[in-house]
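Right, one structure below, let's go through it.
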Amino acid sequence: MTSVCETLNAPQQEAVRTTEGPLLILAGAGSGKTRTLTHRIAYLIEEKGVDPWHILAITFTNKAAEEMKSRVEAMTPQGGSVFVSTFHACCARILRGYADRLGYTKSFTIYDTEDQKVLMRRIIKDRDLDPKIYNEKDVLRQISSLKDEVVTAEEYASRPGSFREQKIAELYTEYQKRLLMADAMDFDDLLVNTVLLFRENEDVLAKYRDRFRYILVDEYQDTNTAQFVFVEMLAHEHRNLCVVGDDDQSIYKFRGANIGNILHFEEAFPGAKVIRLEQNYRSTKNILAAANQVISHNEGRMDKTLWSDKPEGDRVALREYADSREEAREIAKDIEKERGRFPYGACAVLYRTNSQSRLLEEAFVDRGIPYVLVGGTNFYERREIKDLLAYLKTVANAWDDVAVRRIINVPRRGIGDTTVEKVAALAGQEGITFWDALQRFAESPEAGKAAALKLKAFLELIGSFREAAKELRVAELIDLILDKSGYREALKEEGEIEAEARLENLTELQNKATGLEDEAGDPEALGRFLEQVALVADVDEMETGTDRVTLMTMHSAKGLEFPKVYLAGMEQDLFPGARSLYSGNDEDLEEERRLCYVGFTRAQEKLILTAARVRMVNGQTQVHNTSQFIDEIDPLSLKRERNASMFGPREGSERQMKKDYEAGRISSFGRKGQSVGWTDFGDSFGFGEMPKMRGSVRPQGSGPVSSYFSSQEEKIREASQSAGDLASGDRVSQKRYGKGTVVEVKQGKRDLEVTVDFDNFGRKVMLAGFAGFEKIEE
DNA sequence: TCGAGAATTGTTTTT
DNA sequence: CAATTCTCGA
């Protein structure tokens with residue numbers, strides 16, 4: 001064990017040896033914090049003789065938990081019995097033991113985001129609120145942020161607030177009531193309810209305080225208030241709390257992460273010791289320099305400087321492309337070209353939004369490059385999986401209305417909306433669950449003969465599953481359900497490729513259940529399975545060790561590292577995203593910048609930034625400048641690579657079209673609804689979709705979209721200017737389009753028509769760089 | 001009741 | 001460009 005410590009640097013060793021009292025480890029990116037943490041746990045066990053039973057380690061993902069556990073186990077034989085887990089899994093575990101104290105049963109189910117939305121939508125509907133004004137997403141977001149701060153429905157309702165806030169409070173209250181009735185908790189509830197459990201049950205709190213005498217929390221910068229409260233309660237007595245974090249890597253403010261937790265740790269835990277890990281073992285000097293330069297633009301950071309004694313390495317590369325498709329293709333090409341130095345498994349392509357993965361995937365498929373996509377639509381969120389899980393939930397928990405209603409007519413069994421609504425109404429007025437109402441309704445004369453028959457068949461079907469569950473393993477139960485419900489049959493009949501994929505997914509789910517190691521008929525196993533499934537993150541499922549390129553968001557990449565990293569889409573308005581740029585709140589921009597820092601510091605040897613000039617975003621062609629973060633890098637650390645495809649002669653039809661256009665041979669080209677033209681900047685070439693336009697293109701205003709039009713008057717004026725001066729007889733009209741605004745100027749006499757589109761932020765949307773179009777021919 | 005086609009609308013990031 | 005909701009006819 002002492003020899004183990006020798007491989008650590010001085011501050012790391014100190015962090016390992018400071019076992020008693022509160023400790024904040026400020027660990028910069030790549031400073032070996034996981035190593036330090038695992039050594040610390042091993043040290044506690046080996047040197048301090050602490051029983052692993054008394055140690056709790058909280059990680060950010062299940063994957064990180066597993067990894068930490070196996071690393072500790074490799075160092076000390078007892079290491080395997082340390083409780084390493086995520087906040088959510090840990091809370092779920094505690095609640096499984098004591099949920100009855102809160103009015104739940106111990107086999108409560110967990111609602112995911114979709115379940116939450118379904119439930120909330122129903123509540124809003126039942127209360128006759130305008131779903132436009134109270135849309136479930138907004139309401140849920142507000143409730144979620146209240147839960148992040150451990151504000152209960154009662155507390156919130158008792159606070160004075162605006163009319164809307166009072167309505168939200170009512171919805172919150174009702175939502176919690178229905179969750180309780182359904183014996184279900186949402187993600188946030190896992191934390192909040194655990195805190196409430198501790199608050200109201202002295203004995204439970206005492207038990208866990210006694211058990212977890214040494215607590216470690218990783219990625220502390222991304223904890224929210226609820227998590228802080230949870231940890232504080234547990235650590236209150238023994239005060240052996242060690243948190244590790246890096247304020248520069250806090251990227252989850254949007255889901256309630258409270259950076260104050262780390263900034264004010266010393267105040268919350270007086271006498272806390274602070275140790276800084278500032279030596280980076282991961283990246284070359286150039287990469288680190290670029291990362292440091294970018295992050296230095298943020299204000300209010302904790303004082304620390306990351307350094308490295310690694311070689312200089314290559315400069316950070318910047319490559320610009322004409323459009324996003326080309327960007328994707330060139331990345332794929334480049335990966336293939338350098339395969340000798342960087343095998344596929346050594347490469348990662350990171351991006352800001354999940355939607356960017358599509359083009360990359362296409363490019364990789366085209367070249368036959370193997371890749372793993374992390375994130376996007378979670379496996380467990382796919383329709384067929386959710387359907388089957390709803391069956392399982394219905395079997396496990398008859399109160400779960402959302403689950404029952406999901407499957408009552410899946411596959412089709414002739415129970416339509418009308419019937420379902422009647423049952424729901426009955427449930428509402430009697431104050432019983434949907435399931436109970438279903439039983440009553442099937443017997444009542446109100447149900448038509450045909451409907452009653454169908455309902456009874458459904459009830460019997462579920463009943464038979466419940467019976468069967470008593471003597472089957474979960475995997476076998478799944479098989480039975482697929483079979484007897486007719487679900488598998490229905491999919492097979494479709495016969496489409498998509499249906500086949502769905503069947504494969506179901507088989508995969510079954511395989512996961514097979515790996516469960518449950519006894520036949522074990523009543524807990526089903527609940528365990530459902531819980532496991534509810535709490536997995538995308539990264540948890542990531543395979544490692546295969547020679548494949550990794551594609552994922554920068555958020556998902558937190559905590560990971562790769563020899564070669566591409567950051568795709570380094571474009572203003574995409575990264576940093578328009579949302580953060582125009583919110584009027586600098587903190588939003590700073591969070592994006594931290595995300596950029598996280599992205600940069602994933603790279604060990606080579607970092608390549610790419611940007612596209614023209615990109616489709618939500619079906620709209622947008623022209624982007626390179627990200628401001630690029631300007632924040634010292635030019636000496638950056639290598640702007642001019643690539644032939646962008647600045648040299650262009651190939652194929654686009655080039656020909658350009659010539660034709662210039663020579664006046666054609667006045668318009670492109671497919672229906674599209675036109676093509678030149679942008680003012682660079683030499684790039686873009687397609688712009690112009691649904692309202694026909695005819696040829698006259699380049700007008702172009703360049704970065706910086707103007708900001710807030711009032712309707714301004715928008716109209718701007719649109720008019722694009723059309724030229726207004727004359728009498730011109731008609732100006734405006735209409736809402738989504739959240740944006742479209743202003744149309746029709747100048748009848750001169751046969752000129754202009755449409756200018758404004759996005760959510762009031763910025764004029766430039767269609768591939770053009771603001772105005774002259775209509776020449778029909 | 002149900003499906004097809006039209007219309008609308010939406011978007012960071014995720015445990 | 002999706003994905004979802006709406007509308008309408010059978």
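In what follows, every chain begins at residue 1, and chains take the letters A, B, ... in the order their sequences are listed. Computed from heavy atoms alone, side chains included, the values below leave out hydrogens, waters and symmetry copies.
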Enumerate, atom names and distances included, each donor-acceptor pair closer than 3.5 Å involving a side-chain atom of residues 528-535 of chain A, sequence neighbours excluded.
{"from": "A:Glu531", "atom 1": "OE1", "to": "A:Arg96", "atom 2": "NE", "distance (Å)": "2.6"}
{"from": "A:Glu531", "atom 1": "OE1", "to": "A:Arg96", "atom 2": "NH2", "distance (Å)": "3.1"}

Which residues satisfy the salt bridge (Lys or Arg N to Asp or Glu O under 4.0 Å) test with A:Glu489, sequence neighbours excluded? none

Students often get this wrong, so: under 4.0 angstrom with heavy atoms, is [X] touching a base, only sugar-phosphate, or nothing?
X        : value
A:Glu592 : base
A:Asp188 : nothing
A:Gly414 : sugar-phosphate
A:Arg121 : sugar-phosphate
A:Tyr252 : sugar-phosphate

Salt-bridge test for [X] and [Y]: reply yes if a basic N is under 4.0 Å from a carboxylate O, no otherwise.
X        : Y        : value
A:Lys253 : A:Glu587 : yes
A:Glu632 : A:Arg593 : yes
A:Asp588 : A:Arg579 : no

For [X], side chain to side chain contact (heavy atoms under 4.5 Å, CB included) partners two or more places apart:
X        : value
A:Asn409 : A:Arg412, A:Arg413, A:Ile415
A:Val84  : A:Ala57, A:Thr59, A:Ala65, A:Met68, A:Lys69, A:Val82
A:Asp130 : A:Lys132, A:Ile133
A:Asp366 : none

Roughly, in whole Å, what's the span from [atom1] in [X] to [atom2] in [N]?
X        : N      : atom1 : atom2 : value
A:Arg141 : B:dT15 : CZ    : P     : 18 Å
A:Glu219 : B:dT14 : CD    : P     : 15 Å
A:Glu590 : B:dT13 : CD    : P     : 22 Å
A:Glu114 : B:dT14 : CD    : C1'   : 15 Å
A:Lys558 : B:dT14 : NZ    : C1'   : 11 Å
A:Leu191 : B:dT14 : CG    : P     : 19 Å
A:Lys117 : B:dT11 : NZ    : C1'   : 11 Å
A:Ile58  : B:dT15 : CD1   : P     : 16 Å

Compare the minimum distances between each of [options] and the side chain of [X], then state the nucleotide with the smallest one.
X        : options                : value
A:Ser556 : C:dA2, B:dT14, B:dT13  : B:dT14
A:Asn409 : B:dC2, B:dT15, C:dC1   : B:dC2
A:Arg358 : B:dT14, C:dT5, C:dA2   : C:dA2
A:Arg579 : B:dT13, B:dT11, B:dT15 : B:dT11
A:Phe187 : C:dC1, B:dT13, B:dT15  : B:dT15
A:Lys137 : B:dT14, C:dC1, B:dT11  : B:dT11

What are the atom names and distances for every N/O pair under 3.5 Å that joins the protein to nucleotides 8-10 of chain C?
none

Ranking A:Thr419 and A:Ile251 by the position along DNA chain B of their nearest nucleotide, the one closer to 5' is A:Thr419

In terms of the nearest nucleotide of DNA chain B, which residue is placed more toward the 5' end: A:Lys454 or A:Asp588? A:Lys454

Using a cut-off of under 3.5 Å, enumerate the N/O to N/O pairs linking the protein to nucleotides 3-5 of chain B.
{"from": "B:dG3", "atom 1": "OP1", "to": "A:Arg412", "atom 2": "NH1", "distance (Å)": "3.1"}
{"from": "B:dG3", "atom 1": "OP2", "to": "A:Arg412", "atom 2": "NH1", "distance (Å)": "2.3"}

If you look only at distance, which donor and acceptor atoms sit under 3.5 Å apart when one is on a side chain in residues 221-229 of chain A and the other is two or more places apart or in another chain?
{"from": "A:Gln221", "atom 1": "OE1", "to": "A:Asp246", "atom 2": "N", "distance (Å)": "3.1"}
{"from": "A:Gln221", "atom 1": "NE2", "to": "A:Glu219", "atom 2": "OE1", "distance (Å)": "2.8"}
{"from": "A:Asp222", "atom 1": "OD1", "to": "A:Ile251", "atom 2": "N", "distance (Å)": "3.1"}
{"from": "A:Asp222", "atom 1": "OD1", "to": "A:Tyr252", "atom 2": "N", "distance (Å)": "3.3"}
{"from": "A:Asp222", "atom 1": "OD2", "to": "A:Lys558", "atom 2": "NZ", "distance (Å)": "2.4"}
{"from": "A:Thr223", "atom 1": "OG1", "to": "A:Tyr220", "atom 2": "O", "distance (Å)": "2.8"}
{"from": "A:Thr223", "atom 1": "OG1", "to": "A:Asn261", "atom 2": "OD1", "distance (Å)": "3.1"}
{"from": "A:Asn224", "atom 1": "OD1", "to": "A:Ala226", "atom 2": "N", "distance (Å)": "3.0"}
{"from": "A:Asn224", "atom 1": "OD1", "to": "A:Gln227", "atom 2": "N", "distance (Å)": "2.8"}
{"from": "A:Asn224", "atom 1": "ND2", "to": "A:Asp148", "atom 2": "OD1", "distance (Å)": "3.3"}
{"from": "A:Thr225", "atom 1": "OG1", "to": "A:Glu149", "atom 2": "OE1", "distance (Å)": "3.2"}
{"from": "A:Thr225", "atom 1": "OG1", "to": "A:Glu149", "atom 2": "OE2", "distance (Å)": "3.3"}
{"from": "A:Thr225", "atom 1": "OG1", "to": "A:Asn258", "atom 2": "ND2", "distance (Å)": "3.3"}
{"from": "A:Gln227", "atom 1": "OE1", "to": "A:Asn224", "atom 2": "N", "distance (Å)": "2.8"}

Quick one: is B:dT13 close enough that its OP1 or OP2 comes under 4.0 Å of any side-chain N or O from A:Asn354? yes

Verdict with reasoning, A:Arg358 to A:Glu362, per salt bridge (Lys or Arg N to Asp or Glu O under 4.0 Å): CA-CA 6 Å; A:Arg358 218 192 81 239; A:Glu362 279 171 19; 3.5 Å; yes

State whether the aromatic ring of A:Phe254 stacks on the base of B:dT13, taking stacking to mean ring centres under 5.5 Å apart and ring planes under 30° to each other. yes

